[in-house]
Number of protein chains: 2
Amino acid sequence: MGISKIDKMHSLSKNQQIIFDLIDKSPEPLKAYTILFNVQKKGIKAPPQVYRALDKLVEMGKIHKIESRNAFIACHNSSCQVAKATAFSICEICEKVTEISSAGLSKYLANFKDKDGMKYSKYNLEFFGLCKKCR
Amino acid sequence: MGISKIDKMHSLSKNQQIIFDLIDKSPEPLKAYTILFNVQKKGIKAPPQVYRALDKLVEMGKIHKIESRNAFIACHNSSCQVAKATAFSICEICEKVTEISSAGLSKYLANFKDKDGMKYSKYNLEFFGLCKKCR
DNA sequence: CTTATAAATGTTATATTATTACATAGTGTT
DNA sequence: AACACTATGTAATAATATAACATTTATAAG
């Protein structure tokens with residue numbers, strides 16, 4: 001059997017798959033060195049291996065980087081196949097991070113014009129507050 | 001003469017002033033260690049001195065951190081006296097960063113409700129694209 | 001003024017996050 | 001097989017940020 005060309009195009013390399021699986025299963029954003037420690041048993045031993053996989057996964061839109069936390073979460077928004085327009089809510093107490101998928105919000109931001117009339121299709125928005133549990 | 005109480009309340013400590021002046025005069029965002037190298041002649045010799053001043057200046061809303069760049073710029077938006085609701089455009093070629101002050105945008109974001117009906121008064125938005133010069 | 005308190009500073013060391021550089025191996029195409 | 005491209009392995013190091021503790025300066029209360 002094997003993997004068809006089309007599937008292969010969309011499939012992940014070994015290290016990418018290992019690291020994506022870990023992030024995807026995690027209920028919270030993971031930091032690069034947390035990932036490293038957790039995949040050493042699978043043979044990924046050095047930072048560049050982790051950072052390279054993270055870079056590719058971000059490019060593909062499979063994961064997102066939470067910039068204010070230097071941490072990574074899996075994309076759970078089927079519409080953002082590419083890492084270009086992201087929004088998150090972050091709880092300042094428990095650090096829970098949730099990806100926001102709001103058609104209204106993405107539409108508003110994609111159509112926003114700055115004072116030079118410039119539009120931006122790429123953005124990252126991080127909201128801070130308290131989650132339900134922590135309120 | 002000297003400084004009145006009211007003025008003093010709003011004034012910066014020595015290190016804060018040195019570091020704020022440097023950032024405020026810079027046409028581009030400055031990184032912590034760039035700041036450190038540039039203020040060593042003024043007696044600020046170690047990272048904690050820089051990071052402490054940066055933290056306070058961010059708290060006060062005098063400067064903002066550009067999270068995706070780990071760099072700091074002076075606030076040029078008289079309405080954001082506190083570092084709680086910020087928006088920037090970032091040129092992906094020349095790395096020019098501009099603070100966006102749009103009443104419409106801040107209103108939209110401050111009133112945005114997530115799917116749980118939650119509102120957020122604190123946020124950071126970074127738009128990416130090409131500036132006028134680089135287009 | 002002086003004493004208590006809080007804020008800021010100075011200093012050393014270390015923790016955390018990320019990249020450079022180079023060698024090797026696998027994959028897909030012609 | 002030859003080539004180009006992507007991914008991997010590895011060591012070293014660069015860049016970003018904080019911990020811990022001693023000291024000094026500023027502020028406010030008595």
Side-chain angles (χ1 to χ4, degrees), chain A residues 1-23 28-60 62-73 83 95, chain B residues 1-23 28-60 62-73 83 95:
Chain A
M1 278 262 309
I3 303 173
S4 81
K5 280 180 192 171
I6 295 274
D7 286 346
K8 193 64 189 172
M9 279 170 57
H10 293 83
S11 77
L12 304 178
S13 74
K14 180 171 134 281
N15 288 0
Q16 288 161 12
Q17 189 68 59
I18 291 169
I19 287 173
F20 175 73
D21 286 346
L22 184 68
I23 295 171
E28 59 189 6
L30 294 179
K31 298 183 156 240
Y33 276 74
T34 303
I35 293 168
L36 177 57
F37 296 142
N38 278 282
V39 295
Q40 281 181 332
K41 43 181 170 288
K42 307 225 169 175
I44 297 176
K45 290 175 195 157
Q49 297 174 289
V50 172
Y51 282 101
R52 284 191 294 229
L54 290 173
D55 286 350
K56 291 292 179 184
L57 292 167
V58 167
E59 266 178 33
M60 295 175 198
K62 300 281 293 179
I63 64 171
H64 303 303
K65 181 172 187 179
I66 308 303
E67 293 287 357
S68 65
R69 300 298 187 262
N70 296 320
F72 300 85
I73 66 170
E95 294 291 324
Chain B
M1 279 259 307
I3 302 173
S4 81
K5 279 179 191 174
I6 296 276
D7 286 346
K8 195 63 189 170
M9 279 170 56
H10 293 83
S11 78
L12 304 178
S13 74
K14 180 170 135 282
N15 288 0
Q16 288 161 13
Q17 190 68 57
I18 291 168
I19 287 174
F20 175 74
D21 286 347
L22 184 70
I23 296 172
E28 58 190 8
L30 295 179
K31 297 183 157 242
Y33 276 74
T34 303
I35 293 168
L36 177 56
F37 296 144
N38 279 283
V39 296
Q40 280 180 333
K41 44 183 170 288
K42 307 223 169 176
I44 297 176
K45 290 174 194 158
Q49 295 173 290
V50 172
Y51 282 101
R52 282 191 294 229
L54 290 173
D55 286 349
K56 290 293 181 184
L57 291 167
V58 167
E59 265 179 33
M60 293 174 198
K62 301 281 293 179
I63 65 172
H64 303 301
K65 183 172 188 180
I66 309 302
E67 292 286 356
S68 65
R69 300 297 186 262
N70 296 319
F72 300 84
I73 66 171
E95 294 290 326

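Chain naming here is simple, since letters A, B, ... match the order of the sequence lines and numbering starts at 1 in each. Here the structure is a predicted model, which is why all the values come from computation and not from measurement.
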S.K.: I need the Glu59(B) CD to Leu54(B) CG distance, nearest 0.5 Å.
M.R.: 11.5 Å
S.K.: Under 4.0 Å between a side-chain N/O of Ser13(B) and OP1 or OP2 of dT9(C), yes or no?
M.R.: yes
S.K.: Looking at five pairs on each end of the helix from dC1(C)-dG30(D) to dT30(C)-dA1(D), what is the angle between the two axes, given to 10 degrees?
M.R.: 40°
S.K.: Could you run through nucleotides 12-25 of chain C and give me one letter per nucleotide, 5' to 3': B if any protein heavy atom sits under 4.0 Å from the base, S if only the sugar-phosphate is that close, - if neither?
M.R.: B----BBBBB----
S.K.: Just how far is it from atom CD of Gln17(A) to atom NZ of Lys42(A), taken to the nearest 0.5 Å?
M.R.: 10.0 Å
S.K.: Specify the separation, in whole Å, of atom NZ of Lys56(B) and atom C1' of dA8(C).
M.R.: 9 Å
S.K.: List the steps and the verdict of side chain to side chain contact (heavy atoms under 4.5 Å, CB included) for Gln16(B) and Lys62(B).
M.R.: CA-CA 10 Å; Gln16(B) 288 161 13; Lys62(B) 301 281 293 179; over 6 Å; no
S.K.: Could you tell me the separation between the CD1 atom of Ile35(B) and the P atom of dA17(D), rounded to a whole number of Å?
M.R.: 10 Å
S.K.: Please report the shortest heavy-atom distance between Leu30(B) and Ile23(B), naming the atom on each side.
M.R.: CD1-CA, 3.9 Å
S.K.: Using 0.5 Å steps for rounding, measure from the CD1 atom of Ile19(A) to the CZ atom of Phe72(A).
M.R.: 10.0 Å
S.K.: Can you tell me how far C1' of dT11(C) sits from CD1 of Ile44(B), to the nearest Å?
M.R.: 14 Å
S.K.: Rounded to whole Å, how long is the line connecting atom NZ of Lys14(B) with atom C1' of dA7(C)?
M.R.: 14 Å
S.K.: How close do Leu12(A) and Phe20(A) get, heavy atom to heavy atom, and via which atoms?
M.R.: CD1-CB, 3.9 Å
S.K.: For the CD1 atom of Ile18(B) and the OG atom of Ser13(B), what is their distance to the nearest 0.5 Å?
M.R.: 8.5 Å
S.K.: Counting only side-chain nitrogens and oxygens, does Lys45(A) get under 4.0 Å of the OP1 or OP2 atom of dT10(D)?
M.R.: yes
S.K.: Specify the separation, in whole Å, of atom CD1 of Ile66(B) and atom P of dT16(D).
M.R.: 15 Å
S.K.: Atom CZ of Arg69(A) and atom CD of Glu67(B): how far apart are they, to the nearest 0.5 Å?
M.R.: 8.0 Å
S.K.: Quick one: Leu36(B) CG to dA14(D) P, roughly how many Å, whole number?
M.R.: 16 Å
S.K.: With rounding to the nearest 0.5 Å, note down the distance linking CD1 in Ile35(A) to CD in Gln49(A).
M.R.: 13.0 Å
S.K.: Rounded to whole angstroms, how far apart are CD on Gln49(B) and C1' on dA7(C)?
M.R.: 15 Å
S.K.: Could you tell me how far apart Lys42(A) (NZ) and dT8(D) (P) are, to the nearest whole angstrom?
M.R.: 15 Å
